[in-house]
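Here's the structure, in structure tokens; my notes come after.
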Protein chains: 2
Amino acid sequence: MTKGRAGEAVLARVPKSTFRAHIADGLRAAILNGDIEPGAQLVETALAEQFGVSRGPLREAMRQLIDEGLLVAVPYTGTHVVGLSVDDVREIYSMRVTLEIFAFEQIWARREPAFRQGLVARHDALTACIDAEDDAASIVAELQLHGFVYEATGHKLLIRTWESIRGRLQLYWAAHHRAHGIRGPRRDGHDRYVAMALADDFDALKAEITDHMARGGQQTEAFLRNREAGAVQGP
Amino acid sequence: MTKGRAGEAVLARVPKSTFRAHIADGLRAAILNGDIEPGAQLVETALAEQFGVSRGPLREAMRQLIDEGLLVAVPYTGTHVVGLSVDDVREIYSMRVTLEIFAFEQIWARREPAFRQGLVARHDALTACIDAEDDAASIVAELQLHGFVYEATGHKLLIRTWESIRGRLQLYWAAHHRAHGIRGPRRDGHDRYVAMALADDFDALKAEITDHMARGGQQTEAFLRNREAGAVQGP
DNA sequence: ATACGGCAGATTGTCAACAATCGACTGATG
DNA sequence: CATCAGTCGATTGTTGACAATCTGCCGTAT
């Protein structure tokens, strides 16, 4: 099996499971879902007992989330879920404009049928979620739509950076959702976005991305400005 | 002290030291210095004994380097120092162009005297290292010169991405240095770079950055192409 | 009333032992 | 001779106990 004798089709590798990975996923989901509020303190002993594991694996999972920018830790003192500041949001959206245009530059010449199909499929999924008024699913679907562009480049560093952005955005949107109720992504904006991504006017797409992000950024900043300033700041 | 009573000047906070941080720094330095070859396996028990600590802190330090992209681990099997592939280098240099232009966009309007002084100081340091033909120091000095631009933006995510790039570049250059001997950064290129960063023609600077990176990328790719392909690939 | 010193609780950092898994080797077997 | 089950050494994953450090509180002295 290791030598791929059973034809060219590589069977999906069974993921080697470690507690660390599972805990990191579960903890990340809990934070992004809003089950754990921004600013809340995470105590290792309590969490370890909750997950039913020792502190060792849990510590490593928390380290991973710290590296992802979802938690912030002070030695011998405590670990907290980060909150997003206005400055954070501003830099995230300005970086999204730059990185997403960069991503399209990398793949512009080779938007093969596979890419077009993948983009359309994710757009359809997003549309379905929006029509169903499933806000939580819409958020995930929108991030998957944008993330598909980054993944299509194959640039590992870019993908990693996007994942970091994605986590922070999801953290904000979860809070936004809890505070304001239904306020998911709108579909007209993404209809234009996808149409332009598949057309051949690169300058128009650049402008659309810039506008797209400007709208999102303004909405985000407005929400954060109306919030109490007690959130723990990220690294 | 916590309330800042002693005037506005915030005294530099004494860094809280943990083994994890020291080990991560030491291990990173050893890898980037070339004391540990790319592709080499790192065994936890051996390293722990070498550092004089238990496996716990060492594991967390290694996790950190894995997140930084310097190591790659397979559960229950082993951890290795990554090698850079030609594709990795290509994407790193193309991202450097985009990110460094983005960084200058962010600070262009507010290149205060402090920024100019900082840039000149790092350029002087680099020049001194080059004149002294201290190759290892030149590499570090060059990365600090470029890194200063990213830090000046204050964008945490951007800085973090740069640190990841910096680590990979330093990893390559260390190997390059060992293989080819003296081949440090040249000073004329950086003279132009700094001069343009302080002047007011942004388009000219963009072109200079593009050329700068193109030269570096070609040199890097040429070296990697002449190498055996047995290096462990990064994540 | 305020500043200082020390105590106590809570939390994280560290350690050494144990368990699970992997990769290679060996030897039997068709 | 190829193939496969079993075993063994090596390496990482996991655990529970112990130590170091921080924060808040209380009492005391000025």
Side-chain angles (χ1 to χ4, degrees), chain A residues 1-6 11-27 36 39-67 70-82 230 232-233 235, chain B residues 1-7 11-27 36 39-67 70-82 230 232 235:
Chain A
M1 207 202 284
T2 55
K3 308 201 64 176
R5 274 264 308 283
L11 278 50
R13 306 189 63 139
V14 43
K16 302 182 179 177
S17 79
T18 60
F19 285 174
R20 173 181 60 250
H22 281 127
I23 295 171
D25 290 344
L27 202 53
I36 305 176
Q41 181 174 11
L42 299 183
V43 179
E44 293 181 357
T45 52
L47 277 179
E49 190 175 6
Q50 216 168 325
F51 277 105
V53 299
S54 178
R55 273 182 56 214
L58 184 107
R59 278 175 64 88
E60 298 188 359
M62 285 176 72
R63 282 287 142 201
Q64 187 170 331
L65 297 191
I66 289 169
D67 281 322
L70 259 51
L71 304 179
V72 58
V74 181
Y76 291 107
T77 305
T79 307
H80 296 259
V81 178
V82 304
V232 177
Q233 293 312 317
Chain B
M1 205 203 284
T2 53
K3 310 201 60 180
R5 273 267 306 285
L11 277 49
R13 303 190 66 138
V14 41
K16 303 181 180 178
S17 80
T18 60
F19 284 175
R20 173 181 59 251
H22 281 127
I23 294 171
D25 290 344
L27 201 53
I36 305 176
Q41 181 174 11
L42 299 183
V43 179
E44 294 181 357
T45 52
L47 276 180
E49 189 176 8
Q50 217 167 326
F51 277 105
V53 299
S54 177
R55 273 182 56 213
L58 185 107
R59 276 175 67 87
E60 298 189 358
M62 285 176 71
R63 282 287 143 200
Q64 186 170 331
L65 297 191
I66 290 169
D67 281 322
L70 258 53
L71 304 179
V72 57
V74 181
Y76 292 106
T77 305
T79 306
H80 296 259
V81 179
V82 305
V232 177

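The shown structure was predicted, so the numbers you read here are calculated from the model rather than taken from an experiment. Numbered from 1 within each chain, the chains take letters A, B, ... in sequence-line order. Values below: all heavy atoms of this structure, side chains included; hydrogens, waters and symmetry mates excluded.
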Distance in angstrom units between [X] [atom1] and [N] [atom2], rounded:
{"X": "Leu58(A)", "N": "dG16(D)", "atom1": "CG", "atom2": "P", "answer": "13 Å"}
{"X": "Gln41(B)", "N": "dC22(C)", "atom1": "CD", "atom2": "P", "answer": "15 Å"}
{"X": "Arg59(A)", "N": "dT11(C)", "atom1": "CZ", "atom2": "P", "answer": "15 Å"}
{"X": "Phe19(A)", "N": "dT12(D)", "atom1": "CZ", "atom2": "P", "answer": "19 Å"}
{"X": "Arg20(B)", "N": "dA20(D)", "atom1": "CZ", "atom2": "C1'", "answer": "14 Å"}
{"X": "Glu60(B)", "N": "dC15(C)", "atom1": "CD", "atom2": "C1'", "answer": "12 Å"}
{"X": "Tyr76(B)", "N": "dT21(C)", "atom1": "OH", "atom2": "P", "answer": "5 Å"}

Quick check: do [X] and [Y] have side-chain heavy atoms less than 4.5 Å from each other?
{"X": "His80(B)", "Y": "Gln41(B)", "value": "yes"}
{"X": "Ile23(B)", "Y": "Pro57(B)", "value": "yes"}
{"X": "Val72(A)", "Y": "Thr79(A)", "value": "no"}
{"X": "Phe19(A)", "Y": "Leu58(A)", "value": "no"}
{"X": "Asp67(A)", "Y": "Gln64(A)", "value": "no"}

Listed partners of Arg55(A) passing side-chain hydrogen bond (donor to acceptor under 3.5 Å, both in side chains), at least two apart: Glu44(A)

Interface residues of residues 42-57 of chain B with DNA chain D (non-hydrogen, below 4.0 angstrom): Leu42(B), Val43(B), Glu44(B), Thr45(B), Arg55(B)

